[in-house]
Amino acid sequence: MLNATPEEGLDVQLRDTLINAGWPAGSVSASIAESQDFTDTTIYYVSAADELAAIGLADLIGGAQIEQSDFLSDPNDPDQKQLVIVIGLDRSSVEPAPADTPAE
(Lines give C-alpha, C1' and ligand atoms only; values in the text may rest on other atoms or scores of the structure.)
Protein backbone atom coordinates (compact mmCIF):
# COMPACT_ATOMS: atom_id res chain seq x y z
CA MET A 1 0.00 0.00 0.00
CA LEU A 2 1.07 3.54 -0.62
CA ASN A 3 0.42 6.55 1.59
CA ALA A 4 -0.34 9.34 -0.86
CA THR A 5 -1.08 11.93 1.83
CA PRO A 6 1.07 14.24 3.95
CA GLU A 7 -0.04 12.45 7.14
CA GLU A 8 2.73 10.19 8.35
CA GLY A 9 1.95 6.68 9.49
CA LEU A 10 -1.34 6.03 7.66
CA ASP A 11 0.31 3.27 5.65
CA VAL A 12 1.58 1.55 8.79
CA GLN A 13 -1.80 1.87 10.53
CA LEU A 14 -3.62 0.35 7.57
CA ARG A 15 -1.00 -2.40 7.27
CA ASP A 16 -1.60 -3.26 10.94
CA THR A 17 -5.36 -3.36 10.29
CA LEU A 18 -4.86 -5.92 7.52
CA ILE A 19 -2.48 -8.05 9.56
CA ASN A 20 -4.83 -7.99 12.56
CA ALA A 21 -7.60 -9.15 10.20
CA GLY A 22 -5.55 -12.19 9.24
CA TRP A 23 -3.58 -11.12 6.17
CA PRO A 24 -0.06 -12.63 6.26
CA ALA A 25 2.45 -9.97 7.36
CA GLY A 26 4.83 -10.95 4.58
CA SER A 27 2.23 -10.20 1.92
CA VAL A 28 1.43 -6.66 3.11
CA SER A 29 3.92 -3.89 2.52
CA ALA A 30 3.58 -0.21 3.36
CA SER A 31 5.42 2.75 1.93
CA ILE A 32 5.11 6.40 1.01
CA ALA A 33 3.90 7.44 -2.44
CA GLU A 34 5.64 10.04 -4.55
CA SER A 35 2.66 12.37 -4.34
CA GLN A 36 0.86 13.57 -1.22
CA ASP A 37 -2.34 14.85 -2.78
CA PHE A 38 -4.17 11.72 -3.97
CA THR A 39 -7.86 12.46 -3.43
CA ASP A 40 -9.73 9.20 -2.79
CA THR A 41 -8.40 5.99 -1.28
CA THR A 42 -8.38 3.48 -4.13
CA ILE A 43 -7.65 -0.22 -4.42
CA TYR A 44 -6.11 -1.18 -7.74
CA TYR A 45 -6.20 -4.70 -9.11
CA VAL A 46 -4.78 -6.15 -12.35
CA SER A 47 -6.99 -9.05 -13.40
CA ALA A 48 -10.78 -9.07 -13.55
CA ALA A 49 -10.54 -12.27 -11.52
CA ASP A 50 -9.22 -10.16 -8.62
CA GLU A 51 -12.13 -7.72 -8.53
CA LEU A 52 -13.98 -9.58 -5.77
CA ALA A 53 -10.81 -9.66 -3.66
CA ALA A 54 -10.47 -5.89 -4.15
CA ILE A 55 -14.09 -5.38 -3.11
CA GLY A 56 -13.57 -7.53 -0.02
CA LEU A 57 -10.44 -5.58 0.86
CA ALA A 58 -12.34 -2.31 0.46
CA ASP A 59 -14.99 -3.60 2.87
CA LEU A 60 -12.30 -4.64 5.34
CA ILE A 61 -10.70 -1.18 5.43
CA GLY A 62 -13.99 0.67 5.70
CA GLY A 63 -14.52 1.54 2.05
CA ALA A 64 -12.44 2.61 -0.93
CA GLN A 65 -12.73 3.15 -4.64
CA ILE A 66 -12.00 0.06 -6.77
CA GLU A 67 -10.23 0.31 -10.11
CA GLN A 68 -8.75 -2.19 -12.53
CA SER A 69 -5.41 -1.10 -13.94
CA ASP A 70 -2.70 -2.92 -15.84
CA PHE A 71 0.04 -0.48 -14.75
CA LEU A 72 0.68 -2.91 -11.88
CA SER A 73 1.11 -5.95 -14.08
CA ASP A 74 4.43 -7.70 -14.42
CA PRO A 75 5.03 -8.76 -18.05
CA ASN A 76 7.26 -11.58 -16.76
CA ASP A 77 4.50 -12.95 -14.50
CA PRO A 78 1.08 -12.37 -16.09
CA ASP A 79 -0.63 -14.55 -13.44
CA GLN A 80 0.71 -12.48 -10.54
CA LYS A 81 -1.93 -11.56 -7.97
CA GLN A 82 -1.56 -8.09 -6.54
CA LEU A 83 -3.81 -5.54 -4.91
CA VAL A 84 -2.49 -2.05 -4.24
CA ILE A 85 -4.13 0.37 -1.84
CA VAL A 86 -3.33 4.01 -2.44
CA ILE A 87 -4.36 5.92 0.66
CA GLY A 88 -5.95 9.22 -0.22
CA LEU A 89 -6.75 12.52 1.45
CA ASP A 90 -10.20 11.17 2.34
CA ARG A 91 -8.44 9.30 5.21
CA SER A 92 -6.09 12.07 6.26
CA SER A 93 -6.52 14.83 8.80
CA VAL A 94 -3.53 16.71 7.35
CA GLU A 95 -3.91 18.96 4.33
CA PRO A 96 -1.25 18.83 1.60
CA ALA A 97 1.12 21.77 1.40
CA PRO A 98 0.03 24.37 -1.16
CA ALA A 99 1.86 24.15 -4.45
CA ASP A 100 4.57 26.72 -4.96
CA THR A 101 3.45 29.53 -7.20
CA PRO A 102 6.01 30.93 -9.60
CA ALA A 103 7.34 34.39 -8.83
CA GLU A 104 6.37 37.07 -11.30
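Position 1 is the first residue of the sequence; numbering continues from there.
With sequence neighbours left out, the side-chain contact (heavy atoms from CB on, under 4.5 Å) criterion links Ala54 to Ile43, Tyr45, Ile66, Leu83.
Inspection of the Asp37 and Ser35 side chains reveals an N or O donor paired with an N or O acceptor under 3.5 Å.
Within a 6.0 Å radius of CD in Gln68, other residues, nucleotides and ligands contribute more than 12 heavy atoms. Open room surrounds CD1 on Ile32; 12 or fewer heavy atoms of other groups in view lie less than 6.0 Å from it.
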Which atom pairs, one a donor and one an acceptor, fall under 3.5 Å between side chains of residues 12-25 and the rest of the protein, sequence neighbours left out?
unit_1: Arg15; atom_1: NE; unit_2: Val28; atom_2: O; d: 2.7
unit_1: Arg15; atom_1: NH2; unit_2: Ala25; atom_2: O; d: 3.0
unit_1: Arg15; atom_1: NH2; unit_2: Val28; atom_2: O; d: 3.4
unit_1: Thr17; atom_1: OG1; unit_2: Gln13; atom_2: O; d: 3.1
unit_1: Asn20; atom_1: ND2; unit_2: Asp16; atom_2: O; d: 3.2

Sequence neighbours left out, cut at 3.5 Å: what donor-acceptor pairs do the side chains of residues 84-92 make with other protein atoms?
unit_1: Asp90; atom_1: OD1; unit_2: Thr41; atom_2: N; d: 2.9
unit_1: Asp90; atom_1: OD1; unit_2: Thr41; atom_2: OG1; d: 2.7
unit_1: Asp90; atom_1: OD2; unit_2: Thr41; atom_2: N; d: 3.2
unit_1: Arg91; atom_1: NE; unit_2: Thr41; atom_2: OG1; d: 3.2
unit_1: Arg91; atom_1: NH1; unit_2: Ile61; atom_2: O; d: 3.0
unit_1: Arg91; atom_1: NH2; unit_2: Ile61; atom_2: O; d: 3.0
unit_1: Arg91; atom_1: NH2; unit_2: Gly63; atom_2: O; d: 2.4
unit_1: Ser92; atom_1: OG; unit_2: Glu7; atom_2: OE1; d: 3.1
unit_1: Ser92; atom_1: OG; unit_2: Val94; atom_2: N; d: 3.0
unit_1: Ser92; atom_1: OG; unit_2: Val94; atom_2: O; d: 3.0

*Any chance you could lay out the side-chain hydrogen bond (donor to acceptor under 3.5 Å, both in side chains) test for Asn3 and Thr5, step after step, and finish with the verdict?*
CA-CA 6 Å; Asn3 183 0; Thr5 77; 2.7 Å; yes
